[in-house]
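Let me begin by presenting the structure, written as structure tokens, before commenting on it.
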Amino acid sequence: MKVAMFSTKSYDKESFRKHNQNPSIEICFFKAALNINTVDLTKGFDAVCIFVNDEISDEMMARMHRYGVQLIALRCAGFNNVDLEAAKKYDIKVARVPAYSPESIAEHTMALILTLNRKTHKAYNRVREGNFSLRRLMGFNLHKKTVGVVGTGKIGIAFCRILQGFGCRIVASDPYESEELVQMGVQYKSLTEVFEQADIISLHCPLTDSTRHLVNAESMRLMKQGVMLINTSRGGLIKTEEIIESLKSGKIGYLGIDVYEQEENLFFKDLSDSIIQDDLILRLNSFPNGLITSHHAYFTEEAMDEITHTTLKNIESFHLEEKLLNEVT
């Protein structure tokens, strides 16, 4: 079975070559992202393997179907970048990695919170320059603060466990309540109530039509003045132009993001010698109370191993005509 893997980096090649023990699965690695300009590279392959910033539209699906592609193996949990209706129309199966070390993302979320709050990134740079002043480095205790968790799937649950260790009051919003979290003392409330009550808001929900631009000018008006907002889920949950206005006004006191709604043109690339043309990311990067990481919350050894194992298992199951346990329908 021939697999075309797109958006590959050195660590993807290393991991998949290490763990692929099935000689009948042949993987061809492409650095390029899969999009309308590169779709012809899928010709002659039985499957494609894609990551978060690859896009598969109806038109691409039609061409891939003609080229013989029968499976789309996502090496991530999200699938909003694949036209599922088109996949069904052209009888192309879609499989994903539903969970890969949720603790890795939950821990990165807490790292963003602690860094923004205690300003350790600024303190580090100061000391390196011989500046030992504490001026403008004051933070606040997380103990007894109210943290709002939007989305309590596996990552949200892992994050709540961490918060409990800090002695935070946790309020959550999700269509499906977790019995484990309820027993831990997490209070489920409406999204409006979470926005109104939380000192810190962390987004852990998927990107769907109903959650796109969940954080916008209207919803931010509900939030406390100076609230901390963290997003390690999907960039499209936040309307970037409007979050910039709230940062300027002080409504958003701290912003930590590992995702960005136009990240496909930026993230996973070294642009240090380039003139970045994205004015919004440049504006976000200019705020002293903002912290941006480039979609690496998932990036731990344990997570990479789990992503690789599950992706290979999905491909192998399809090849052997077994039930696709992680199929997206």
Discussion item. Please determine whether side chain to side chain contact (heavy atoms under 4.5 Å, CB included) holds for the pair V171 and E193, giving the CA-CA distance in whole Å, both sets of side-chain angles, and the decisive distance to 0.1 Å.
Written reply: CA-CA 9 Å; V171 294; E193 290 175 310; over 6 Å; no
Practice prompt. Give every residue pair that meets the ring pair (Phe, Tyr, Trp, His ring centres under 6.0 Å) criterion with at least one member in residues 23-53, sequence neighbours excluded.
Written response: F6-F30, F51-F268, F51-Y298
Discussion item. We want to know whether S101 and E306 form a side-chain donor-acceptor pair, criterion being a heavy-atom distance below 3.5 angstrom.
Written reply: no
Worksheet, complete the sentence: Interatomic distance, CZ@R63 vs CD1@I56, rounded to 0.5 Å, equals 12.5 Å
Fill in: Shortest non-hydrogen contact between M64 and I92, atoms and distance
CB-CD1, 4.5 Å
Discussion item. Holding to side chain to side chain contact (heavy atoms under 4.5 Å, CB included), I want the full list of residues that pass it with E218, two or more places apart in sequence or in another chain.
Written reply: N216, R221
Worksheet item: Are I238 and L229 side-chain neighbours, meaning at least one heavy-atom pair lies under 4.5 Å?
Response: yes
Worksheet, complete the sentence: What one should report as the nearest heavy-atom pair of S202 and T109 is OG-CG2, 3.2 Å
Discussion item. Distance alone, cut at 3.5 Å: any donor-acceptor contact between the side chains of S178 and T152?
Written reply: no
Worksheet item: Do you know the tightest heavy-atom contact between V147 and A198?
Response: C-CB, 4.3 Å
Worksheet item: Do other residues, nucleotides or ligands put more than 12 heavy atoms under 6.0 Å from the OH atom of Y11?
Response: yes
Discussion item. Measuring only between side-chain heavy atoms, which start at C-beta, is Y188 closer than 4.5 Å to L181?
Written reply: yes
Item to complete: Would you please name every residue forming a side chain to side chain contact (heavy atoms under 4.5 Å, CB included) with A99, sequence neighbours left out?
Response: K154
Worksheet item: Side chains of D58 and Y90: does their closest heavy-atom pair fall under 4.5 Å?
Response: yes
Worksheet item: Without hydrogens or angle criteria, can the side chains of S190 and T192 be said to hold a donor-acceptor pair below 3.5 Å?
Response: no
Item to complete: Apply side chain to side chain contact (heavy atoms under 4.5 Å, CB included) to L312 and N22, showing your working.
Response: CA-CA 9 Å; L312 287 170; N22 190 334; over 6 Å; no
Worksheet item: What pair of heavy atoms forms the shortest contact from V97 to R75, and how long is it?
Response: CG2-CA, 3.9 Å
Item to complete: For the pair Y254 and F140, name the ring-plane relationship: parallel under 30°, tilted 30 to 60°, perpendicular over 60°.
Response: perpendicular
Discussion item. My understanding is that only residues two or more places apart in sequence, or in another chain, count here; which of them pass side chain to side chain contact (heavy atoms under 4.5 Å, CB included) with S133?
Written reply: R126, N131, R135
Discussion item. On a heavy-atom basis, which atom in G290 and which in L116 lie closest, and how many Å separate them?
Written reply: C-CD2, 4.0 Å
Item to complete: Output yes when D83 and K89 qualify as a salt bridge under the 4.0 Å nitrogen-oxygen rule, no when they do not.
Response: no
Worksheet entry | Polar side-chain atom of Q262 near backbone of Y260 as donor-acceptor pair, under 3.5 Å | no
Discussion item. Checking side-chain polar atoms at under 3.5 Å, does N231 have a donor or acceptor matched by the opposite partner on S233?
Written reply: no
Worksheet item: Taking all non-hydrogen atoms of both residues, which atom of S104 and which atom of Y100 are closest, and how far apart?
Response: OG-O, 4.1 Å
Practice prompt. Would you give the length of the straight line joining atom CZ of R234 to atom CG of D258, rounded to the nearest 0.5 angstrom?
Written response: 10.5 Å
Discussion item. What I'd like to find out is whether the side chain of L324 reaches to under 4.5 Å of the side chain of L71, using heavy atoms alone.
Written reply: yes
Worksheet item: Side chains of L142 and M110: closer than 4.5 Å at any heavy-atom pair?
Response: yes
Practice prompt. For L114 and F166, run side chain to side chain contact (heavy atoms under 4.5 Å, CB included): C-alpha distance rounded to whole Å, both residues' side-chain angles, the deciding distance at 0.1 Å, then the answer.
Written response: CA-CA 11 Å; L114 290 171; F166 278 85; 4.1 Å; yes
Practice prompt. Enter the distance from D278:CG to N265:CG here, rounded to the nearest 0.5 Å.
Written response: 7.5 Å
Worksheet entry | Over 12 non-hydrogen atoms of neighbours within 6.0 angstrom of CD in E321 | no
Worksheet item: Would I257 and L284 satisfy side chain to side chain contact (heavy atoms under 4.5 Å, CB included), going step by step from the backbone distance to the final call?
Response: CA-CA 10 Å; I257 57 173; L284 282 175; 4.0 Å; yes
Discussion item. Counting only heavy atoms not in R212 (residues, nucleotides, ligands), do more than 12 fall under 6.0 Å from its CZ?
Written reply: no
Worksheet item: So which pairs with a foot in residues 161-180 pass salt bridge (Lys or Arg N to Asp or Glu O under 4.0 Å), sequence neighbours left out?
Response: R161-E180
Fill in: Matching residue for H19 among T311, D305, T308 - test: side-chain hydrogen bond (donor to acceptor under 3.5 Å, both in side chains)
D305
Worksheet item: Any donor and acceptor pair, going by atom type alone, linking the side chain of K251 with main-chain N or O of M223 inside 3.5 Å?
Response: yes
Discussion item. If we ignore hydrogens and angles and just use 3.5 Å, is the side chain of D54 paired with the main-chain N or O of N81 as donor and acceptor?
Written reply: no
Practice prompt. May I ask you to say whether E14 pairs ionically with K18, meaning some side-chain N is under 4.0 Å from a carboxylate O?
Written response: no
Item to complete: Check the surroundings of atom NZ in K43: do more than 12 heavy atoms from other residues, nucleotides or ligands lie under 6.0 Å from it?
Response: no
Discussion item. I'd like to know whether NZ of K239 has more than 12 heavy-atom contacts from other residues, nucleotides or ligands below 6.0 angstrom.
Written reply: no
Worksheet item: Counting N and O atoms only, with roles assigned by atom type, does the side chain of T300 sit under 3.5 Å from a partner on the main chain of A303, one being a donor and the other an acceptor?
Response: yes
Worksheet item: Just by distance, do the side chain of K119 and the backbone of N117 share a donor-acceptor pair under 3.5 Å?
Response: yes
Worksheet item: Just by distance, with hydrogens left out, do H108 and T232 show a side-chain donor and acceptor under 3.5 Å apart?
Response: no
Practice prompt. Just jot down the salt bridge (charged side-chain N to carboxylate O under 4.0 Å, His left out) partners of K248, sequence neighbours excluded, or say none.
Written response: E245
